[in-house]
There are 2 protein chains.
Amino acid sequence: MATIREVARYCDVSVATVSRVFNTPEIVSPETRQRIFDAAAEIGYLPNESARTLATKKSNMVGLIWDTDHRRPGWRHPFLQEILVTLKTALSAHGLHLLMLSHREPYLQAARRHNLDGVVIIDNGSQDPAVLALADAEIPCVALDLRRTGPTCTYVTSDNTGGATLAVQHLIDRGHRRIASITGPLQTAPAAERLTGFRAALAAAGLPIAADHMVESDFYLDGGHTAMLRLLASAPRPTAVFAAGDEMAIGAMRAARQAGLRIPDDIAIVGFDDIELAALVPPGLTTVAQDRAGFGTAAAEALVTMLQNAGQPPAPTVLPTTLIVRGST
Amino acid sequence: MATIREVARYCDVSVATVSRVFNTPEIVSPETRQRIFDAAAEIGYLPNESARTLATKKSNMVGLIWDTDHRRPGWRHPFLQEILVTLKTALSAHGLHLLMLSHREPYLQAARRHNLDGVVIIDNGSQDPAVLALADAEIPCVALDLRRTGPTCTYVTSDNTGGATLAVQHLIDRGHRRIASITGPLQTAPAAERLTGFRAALAAAGLPIAADHMVESDFYLDGGHTAMLRLLASAPRPTAVFAAGDEMAIGAMRAARQAGLRIPDDIAIVGFDDIELAALVPPGLTTVAQDRAGFGTAAAEALVTMLQNAGQPPAPTVLPTTLIVRGST
DNA sequence: GCGGCTGATGTAACCGGTTTCATGCCGTCC
DNA sequence: GGACGGCATGAAACCGGTTACATCAGCCGC
C-alpha cells in the first residue's frame, strides 16, 4: 500500500500538501491539487483510516448494539433487517460506517477503544447496565425503542401509545365492549406504552377493564397462544382482543380457532407491528403499522446532527403509526 | 483517556513493558505484570485500537457485505438475522469485530483503508464486480451462497442440489408424475443448484420435464403467485410443484387456492428454506430446511482458520439440508 | 575470575496520517 | 519603494501504540 509520503515524493511536495488535498482541497492551488490527485490515483494511494483516526480522534464509525439481552439469544426484532438497511444507507451517505459491537466487552469500553463517533442502540427493554452506561457517557448515542435521553443521547420510537389507542378505538367502533389485552413484557418500553394506549382508549369510552382480561406475555407466537387460552377460560369471555404484537396476535388467532371460534364473528383480534405474516394469515390480521424505514433514517439523522453541532442533542423522534384494517376485526 | 505513557510513568517503567503486559504477558515478571495491570485498571487505561492497528497492520475487524445488489434495495435474505447473530457471536469469541461495508465505495478499497483482517460476503448472485474483485484480492474472504474460491477465498453454502433432490424425490414417492418447478433467478447460485437437483431427481426416476412446467421467478411471494398462474394454465396441469423458495411456494399456494384447487389433494407443493411462515400457513408447507446457524459459525471458523495459518484456505463448507414434511404434500 | 548465557527491562525508531506554525512569494496600497 | 496582507507550501511535532535491538544483572561452568 502506498503511503502519503510516497505520493509526496512522487509529486515533489510535502506530505502536508498531500494531506490537504484530501481534507481541505480548497486551500491548495488548482494545479498542485490536480497533480497530486492524479498521482494518488496512479500509484493507488488510499489514506490509512487508522492513522487518520489516531491523529484526528474521529473514526467515522458508529457502533451498533442490538442483542443487548444475552438471556434471550433468539431475540428477534420484527423488522431488524429494514432498520439495518436504512440505517446503513443513511449513515454511509455521511461517510459513516457501522461497527457491530459484541457484548463480550462493555460497550462503553469498546466504543472508547475504537474511537467511535457515536452509537446506535436497538434495545429490547433489557435495561442492560452496559447499555445505560453508554447513554450516560460522553459519547453521542441514539436509542431505538428505548426512551432514554441525556446530554449526548436521544431516541427514536414509534407512537406506541397512539397506535394502541387507534387499535382499541377501532374495536370499540365495531361495537365491542369486552376488550381484552395481551401485552408484551411490561419492562419493555413498547409493551408498556401500548398498554397505556389500550387503557386510554377504554377509559375514554368509559369502558371497564376486567383484571382477568389483561394478560402479560412475551411477544412470541406461543406466548400469544397461551395467553389466549387464559382469556378464553374467563367468564364472561372477551369479544375482542388487542395483542400488542403481531406474533402474539397470530398465536392468539390459532388458539381461538382451535377452540372452535370464528374470527372475527365470535372474537375479533387486532395486533401491532404489521409483520409480513399479518397480511398472509387468513382472514388477514388487522394491525397497527409502524414506519419501518423511519427508524433507520431518523436515527442516522439524529446522530449526524449530534456529531455536527456538539451542543444539545436533537429532540426525540416519535414515528407515526397507522391502523391497517383486515379481516380479523 | 489515559495513554500507555501515563501508565508507564505511573508505574515507573517503560512503555515497552506496559505494552508487553497487554500483548505478551508471559515475558514480563509476575510482580511487574501485576503492578502494571492494577495501575491500568485504576487509571482506566484502554489500549487505543487505531494506534495498535497502525503499528501492527491488524485491525481485528472483518468486513461484512450483504446488500451487494443495489438494483434490489429491498432484497431480503430468508434468515439474515440468524446469520448476523451467529457470525457475530462466533467472531467475537476470537476478538474480532464486524464492520458493515457500504457499497458507496469499492469494497476492496474500503477493506484496505480500514486494514480489515478479512471479509464475509453474503451474496445474492448479483455477480457484482466489486465483490468479485474482493475474492481475487489478497484479503482473506469467505462467501456465503456464492461458490467462489481463490488463494485467500473460500465459501459456505447449503447443499442446494441435494436438498432439491430430496424434495422432488419426496413428491415422486407420493406418486406424482407431472412435477413442475418454480425457480429463483437462475444467475444466483442457489437457484441454479436447486434446479439441478430438481432435474437430477426427475432424471433418476425416468420422468420427463415439460418445458412449460419450468418457470423462472424471483424468490418473492408475488413472483411465486404469477408463476403458479402460468403453471395452472398449462395442459396437462402439473400435479405437484417444487418451488425453490418458501415465499414463492406460499405465493403459489395462494394462486392454487384462488383457482379453487385443494392442497395437497389437487396439487402438492413443496418449498425451500423453511422460513417461519412455512409452518404457519395452512395446511403447512413441506419444505427443505437449511442449517441456519451453520452459516455464521462455519463462515467464522473458515475465516479464523485463514487468519491463523496464512497458507491454503480451508475447503468449502457445504451444509446439509433436511426435508420437513407438512400438510402441503 | 572470567566468558557467556538467560531473563527482564529500557531506548528509540517506526507505523501513516494531521495540524500548528513558520516561511517565502506576490500584489497592493500609500 | 517599502510595509503589509494574503495565499500556497513546507518543516516538524504529534497522535498512541509495537517491536527490534541494546543493556544490564545475575548465574553458570570451567
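Sequence lines set the chain letters: A, B, ... in the order given, protein chains first and strands last, and positions in each chain run from 1. No hydrogens, no waters, no symmetry mates; every other heavy atom, side chains included, goes into these values.
When all heavy atoms are compared, the tightest approach of A:Ser59 to A:Glu49 is O-OE1, 4.4 Å.
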**Message:** Using a 4.0 Å heavy-atom cut-off to protein, can you give one letter per nucleotide of nucleotides 11-19 of chain D, 5' to 3': B if the base is in contact, S if only the sugar-phosphate is, - if neither?
**Reply:** B---BBBSB
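Looking only at distances, a side-chain donor or acceptor of A:Thr152 sits under 3.5 Å from a matching main-chain atom of A:Ala137.
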Identify each atom pair where a protein N or O and an N or O of nucleotides 23-27 of chain D are less than 3.5 Å apart, giving names and distance.
none

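For B:Thr17, the side chain to side chain donor-acceptor pair (under 3.5 Å) partners at least two apart in sequence or on another chain are B:Ser14. B:Glu301 pairs by the side chain to side chain donor-acceptor pair (under 3.5 Å) definition with nothing, not counting sequence neighbours. Every residue two or more places apart in sequence or in another chain that forms a side chain to side chain donor-acceptor pair (under 3.5 Å) with A:Ser29 is listed here: A:Thr32. With sequence neighbours excluded, the residues that form a side chain to side chain contact (heavy atoms under 4.5 Å, CB included) with B:Pro25 are B:Arg33. For the side chain to side chain contact (heavy atoms under 4.5 Å, CB included) test, residues two or more places apart in sequence or in another chain that qualify with B:Asp291 are B:Ala293, B:Leu319. By the side chain to side chain contact (heavy atoms under 4.5 Å, CB included) test, A:Thr157 is found to be paired with A:Asp145, A:Arg147, A:Tyr155, A:Asn160, A:Glu193, A:Val318, residues two or more places apart in sequence or in another chain being considered.
To the nearest angstrom, C1' of D:dG10 lies 16 Å from CZ of A:Arg9. When the P atom of D:dA8 is taken as reference, atom CG of A:Asp12 falls 19 Å away, rounded to whole Å.
Under 4.0 Å is where a charged nitrogen must lie from a carboxylate oxygen, and between B:Arg112 and B:Glu138 at least one such pair does.
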What pairs of donor and acceptor atoms, side-chain ones from residues 306-314 of chain B against any protein atom, are under 3.5 angstrom apart with sequence neighbours left out?
none

Show me, pair by pair, the donor-acceptor contacts under 3.5 angstrom made by side chains of residues 35-46 of chain B, not counting sequence neighbours?
unit_1: B:Arg35; atom_1: NH1; unit_2: B:Cys11; atom_2: O; d: 2.8
unit_1: B:Asp38; atom_1: OD1; unit_2: B:Gln34; atom_2: NE2; d: 2.9
unit_1: B:Glu42; atom_1: OE1; unit_2: B:Tyr10; atom_2: OH; d: 3.4
unit_1: B:Glu42; atom_1: OE2; unit_2: B:Tyr10; atom_2: OH; d: 2.9

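Note that the two end axes of the helix from C:dG1-D:dC30 to C:dC30-D:dG1 enclose an angle of 50°, each drawn from 5 base pairs, rounded to 10 degrees.
Interface residues of residues 27-42 of chain B facing DNA chain D, ordered by number: none; criterion, heavy-atom separation under 4.0 Å.
Residues A:Gln290 and A:Phe295 have side chains in contact (heavy-atom distance under 4.5 Å, counting atoms from C-beta outward). Annotation: side chain of B:Leu116 is not in contact with side chain of B:Val62 (no heavy-atom distance under 4.5 Å).
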